[in-house]
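One-based numbering along the sequence shown. FYI, side chains are in, hydrogens and waters are out, and symmetry mates aren't considered; it's all heavy atoms of this structure.
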Amino acid sequence: MDPQPAPNSTQSNLLKPFWSSLLGPPWLASLLILAIIAAIRFFVMFSPWPLQELFFVQTVFLWASPFLFLTYAGRRKIGLADSGVTPLSILLSGVVGAASGVIFFALGMALYGHSPDNWCISIRNYLHFNEMRGLFPPLGLFAIYALPAMFLNPIAEEILFRGFIQQAFTRRFNSAVAVAVNSLLFGLIYLYLHGIWQDDRGFHIRLASAALAVFLMACIGCVFTICRILSGSLWPAIAA
């Protein structure tokens, strides 16, 4: 009997051979991509120049990243497949995601009210929401703020956190470590919106509320990961 052929590296590896040789193992490559995204977000947030367009650029980069960096098998392994996706899984994940958002909002208001320690206030101020309320009707504000947050960022972020990072760290360590890593990093990257702030005297951090916000975002990341693992696909996590 002829020996079995060796598995094709394009099919057995997450990364395409070029990127594997250049960036190293998938877990390291996923962290390098995260570092690029974090650098862009923090730079835009604290830059003296209006560079909001870079947020759209990094979103498109994350959309394209599975096709730039991953093999066909890799794209399926991170969850970009329709297996496990049912209308019920999408519906339940959406409900769970909405509940997580309500809890996140309610805790911020209950603990910190309208003070700067409330992450909801930080996000409102960053978006210049009060100023925009005088320029657009409610439906216009919904279109400007809510729709991009619902349909643009989730695809990009779930590809990176629940997709690439989760699968890469599962292969290198185990699923539990991967869940902890992707969820914690998901919480930390949002420090650019709440926790770290800047004035004429330099940079500061709201230590207690920032730590709590990171913890809550990490918990939400765990919820998204559960949606991804139970379904075997990223799409329910994106719905959440």
Side-chain angles (χ1 to χ4, degrees), residues 3-41 58-86 89-90 92-93 96-97 100 153-191 214-215 217-240:
Q4 293 293 323
N8 187 301
S9 61
T10 302
Q11 296 179 356
S12 61
N13 292 334
L14 282 178
L15 289 174
K16 293 180 178 179
F18 171 78
W19 295 113
S20 183
S21 62
L22 183 65
L23 301 178
W27 68 270
L28 180 58
S30 70
L31 293 183
L32 291 174
I33 293 174
L34 174 64
I36 293 172
I37 298 303
I40 292 173
R41 293 188 180 189
Q58 59 97 33
T59 298
V60 173
F61 170 72
L62 286 178
W63 285 355
S65 62
F67 304 95
L68 291 173
F69 298 104
L70 303 184
T71 63
Y72 172 77
R75 292 194 293 272
R76 294 186 65 83
K77 287 176 182 175
I78 70 167
L80 283 178
D82 57 5
S83 59
V85 180
T86 64
S89 69
I90 296 294
L92 291 178
S93 296
V96 169
S100 300
N153 291 340
I155 296 174
E157 292 187 347
E158 294 312 296
I159 285 172
L160 176 60
F161 289 99
R162 260 56 67 181
F164 195 4
I165 292 176
Q166 174 69 24
Q167 183 63 28
F169 275 81
T170 296
R171 298 183 98 194
R172 175 61 180 85
F173 301 98
N174 55 59
S175 182
V177 170
V179 173
V181 169
N182 99 63
S183 300
L184 179 59
L185 293 176
F186 181 67
L188 288 172
I189 200 172
Y190 278 98
L191 282 172
V214 168
F215 171 74
M217 287 299 294
C219 290
I220 291 174
C222 285
V223 171
F224 295 165
T225 307
I226 291 171
C227 293
R228 186 258 182 271
I229 291 175
L230 290 180
S231 66
S233 171
L234 282 179
W235 297 108
I238 290 170

- Message: Once side-chain hydrogen bond (donor to acceptor under 3.5 Å, both in side chains) is applied, what residue pairs with a partner in residues 18-31 remain, sequence neighbours excluded?
- Response: none

- Mind checking side chain to side chain contact (heavy atoms under 4.5 Å, CB included) for Ile40 and listing every partner two or more places apart, or none if nothing turns up? Ile36, Val44, Leu54, Gln58

- Query: Hey, are the side chains of Ile165 and Phe186 touching, using non-hydrogen atoms and a 4.5 Å cut-off?
  - Reply: no

- Check the pair Phe164 / Leu34 against side-chain contact (heavy atoms from CB on, under 4.5 Å), numbers first and verdict last. CA-CA 10 Å; Phe164 195 4; Leu34 174 64; over 6 Å; no

- Separation between CD1 (Ile229) and OG1 (Thr170), nearest 0.5 Å, reads 7.0 Å

- Item | Nearest non-hydrogen partners of Gly74 and Thr71, listed with the distance | N-OG1, 2.9 Å

Donor-acceptor contacts under 3.5 Å from residues 231-240 side chains, at least two apart:
unit_1	atom_1	unit_2	atom_2	d
Ser231	OG	Cys227	O	2.8
Ser231	OG	Arg228	O	3.4
Ser231	OG	Ser233	N	3.2
Ser231	OG	Ser233	O	3.1
Ser233	OG	Gly79	O	3.3
Ser233	OG	Ala81	O	2.9
Ser233	OG	Trp235	N	3.2

- Query: If every non-hydrogen atom of Gln167 is compared with every non-hydrogen atom of Lys77, which pair is closest and at what distance?
  - Reply: OE1-O, 3.3 Å

- Query: Does atom CZ of Arg76 have more than 12 heavy-atom neighbours, drawn from other residues, nucleotides or ligands, at distances under 6.0 Å?
  - Reply: no

- Message: Just to verify, what does Phe173 make a ring-ring contact (aromatic ring centres under 6.0 Å, His included) with, not counting sequence neighbours?
- Response: Phe169

With a 3.5 Å cut-off and sequence neighbours excluded, list the donor-acceptor pairs that the side chains of residues 176-183 form with protein atoms.
unit_1	atom_1	unit_2	atom_2	d
Asn182	OD1	Arg162	NH1	2.7
Asn182	ND2	Gln166	OE1	2.7
Asn182	ND2	Ala178	O	3.3
Asn182	ND2	Thr225	OG1	3.3
Ser183	OG	Val179	O	2.8
Ser183	OG	Cys222	N	3.3

- Distance (rounded to the nearest 0.5 Å) between Phe67 CZ and Lys16 NZ: 9.5 Å

- Determine, step by step, whether Leu62 and Ile159 satisfy the side-chain contact (heavy atoms from CB on, under 4.5 Å) criterion, reporting the C-alpha distance in whole Å, the side-chain angles of both residues, the deciding distance to 0.1 Å, and the verdict. CA-CA 7 Å; Leu62 286 178; Ile159 285 172; 5.6 Å; no

- Query: Who pairs with Arg41 by salt bridge (Lys or Arg N to Asp or Glu O under 4.0 Å), at least two apart in sequence or on another chain?
  - Reply: Glu157

- Message: Holding to side chain to side chain contact (heavy atoms under 4.5 Å, CB included), I want the full list of residues that pass it with Leu184, two or more places apart in sequence or in another chain.
- Response: Leu188, Val214

- Message: Ignoring hydrogens, what is the shortest heavy-atom contact between Pro26 and Leu14? Give both atom names and the distance.
- Response: CB-CD1, 3.9 Å

- Message: Would you say that Leu185 contacts Leu31 through its side chain, given a criterion of any heavy-atom pair below 4.5 Å between the two side chains?
- Response: yes

